[in-house]
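Below is one structure, written out as structure tokens, with a few remarks after it.
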Amino acid sequence: MSRELKLGQHVVNDENPAYVIAEVGHNHQGKLETAKEMFRQAQSCGVSAVKLQKRDNRTLFTKAAFDKPYENENSFGATYGEHREALEFGREEYAELKGYAAELGLDFFATAFDIRSADFLEALGMPAYKIASADLRNLPLLRHVAAFGKPVVVSTGGGTMEDVERAYDTVMAINTQLCIMQCTCGYPVEFDELNLRAIETFRQRFPDIVVGYSGHDNGIAMPVVSYVLGARVIEKHFTLNRAMKGTDNVFSLEPVGMRKMTRDLERARLSLGDGKKVVFPSETGPVLKMGKKLVAARDLPAGHTLSSDDIAVKSPGDGLAPVEIDRVIGLVTKVALTTDDALSLEQLARAGQREIG
């Protein structure tokens, strides 16, 4: 069974370029024009998709959680509910952003944090769905989203292997368009908690699906490591300025970082090759220049039997390679040679013979 997934306009597999998701989340600060500028910048960085987060806040949170005071430097409201509502886009904004992403040639979808939000997104015709780490054990949401028949990308932060296998079984029973993402849901996460080798574990345990990496780490190196380990969907938080207000900005990539990351992911893909050891055309010149050949270490008369003292190894490598030295020792010169003359089998014969057979 092939390990392949159609995400929006892209086919994701082990041969094609990595599918890079710029996670805008709520870094747009509730401003439509800021979101559109982030989409423009993300497109210029070479990403495959931009993604938002959708919550139906009044039904998602308990009343106590919604009304809890939330006054700090990152707050957009006096209570947590007001804060979340200030950051939330409605149908009009989503519809405009969907059209704008299409103009830019970007895939556009969102994380559904609850069933109402999933239905909201489905009514807009989203091409795929993201399930956050916190919903890895949310079987009702997993089943509901899987039933849409669209690709489902599931993050696994804070989960055990048992949790991941349960989510896999739940979605795959309904919809085989699944991607499992290695994730550690620290914000930001320390490098010694990334556990990137879980990507290899997922690829072995789930050989029929695409595996990815959702990173909350600082920097651009770990997505490349994750790609080498087998992640083919890469999600990183994206911002215009890491100093902007909001808890996610500090570990998000600015455009310069996102651009370098997409560049390095493609370099990694190209550099891995097919595993067969071959000689490339670009190597011919350097190997000739720096390689070695067998030459006469001193003037030698015709009829001389060669010993190791008669042979030197020198550059350039445009003659008999040193790998032939054991074959040459003991042969007899048919012609006189001067110092640094290249040895060739045509000039040599076995003792008592005219030619080398």
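All of these numbers come straight from a predicted model, not from anything done at the bench.
Gln347 places no side-chain N or O within 3.5 Å of a backbone atom of Val335 that could act as its donor or acceptor partner. With hydrogens and angles ignored, the 3.5 Å screen pairs no side-chain donor or acceptor of Arg232 with any backbone N or O of Leu5. Side-chain atoms of Thr111 do not come within 3.5 Å of backbone N or O of Ala132 as any donor-acceptor pair. In this structure, the side chain of Ser117 engages the main chain of Asp56 through a donor-acceptor pair within 3.5 Å. Judged purely by atom type and a 3.5 angstrom limit, Arg3 has no side-chain atom pairing as donor or acceptor with the backbone of Asp208.
Side-chain N/O atoms of Asn27 and Ser252 include a donor and acceptor closer than 3.5 Å. Between Asp299 and Thr339, the side chains place a donor N or O and an acceptor N or O closer than 3.5 Å (distance only, hydrogens not considered). Checking Gln53 against Glu23 by side-chain atom types alone, a donor-acceptor pair falls below 3.5 Å. Side-chain N/O atoms of Ser44 and Arg259 include a donor and acceptor closer than 3.5 Å.
Residues Lys130 and Phe113 fail the side-chain proximity criterion, which asks for heavy atoms closer than 4.5 Å. You'll find the side chain of Lys334 stays beyond 4.5 Å of the side chain of Leu348, heavy atoms only. Contact annotation: the side chain of Arg55 never approaches that of Leu87 to less than 4.5 Å [non-hydrogen atoms, C-beta and beyond]. Considering only heavy atoms from C-beta on, Asp248 stays 4.5 Å or farther from Thr239 through its side chain.
Between Phe89 and His28, the gap from one ring centroid to the other is short of 6.0 Å.
Screening residues 185-197 for side chain to side chain donor-acceptor pair (under 3.5 Å) gives Arg197-Glu200 as the qualifying pairs, with residues at least two apart or on separate chains. Applying the ring pair (Phe, Tyr, Trp, His ring centres under 6.0 Å) test to pairs two or more places apart or on separate chains, those with a residue in residues 157-185 are Tyr168-Phe206. Every pair passing side chain to side chain donor-acceptor pair (under 3.5 Å) that includes a residue from residues 301-326 is listed here, sequence neighbours excluded: Lys293-Asp318, Arg298-Asp310, His304-Asp310, Ser307-Asp310, Lys314-Asp340.
Between Lys54 and Glu88 there is a salt bridge, since a side-chain N of the basic residue sits under 4.0 Å from a carboxylate O of the acidic one. A salt bridge links Lys236 with Asp217: at least one charged nitrogen is closer than 4.0 Å to a carboxylate oxygen. Salt-bridge formation is detected for the pair Asp163/Arg166: a Lys NZ or Arg NE/NH1/NH2 atom is positioned less than 4.0 Å from an Asp or Glu carboxylate oxygen.
Ring pair Tyr80/Phe61 is perpendicular by interplanar angle, where above 60° counts as perpendicular and below 30° as parallel.
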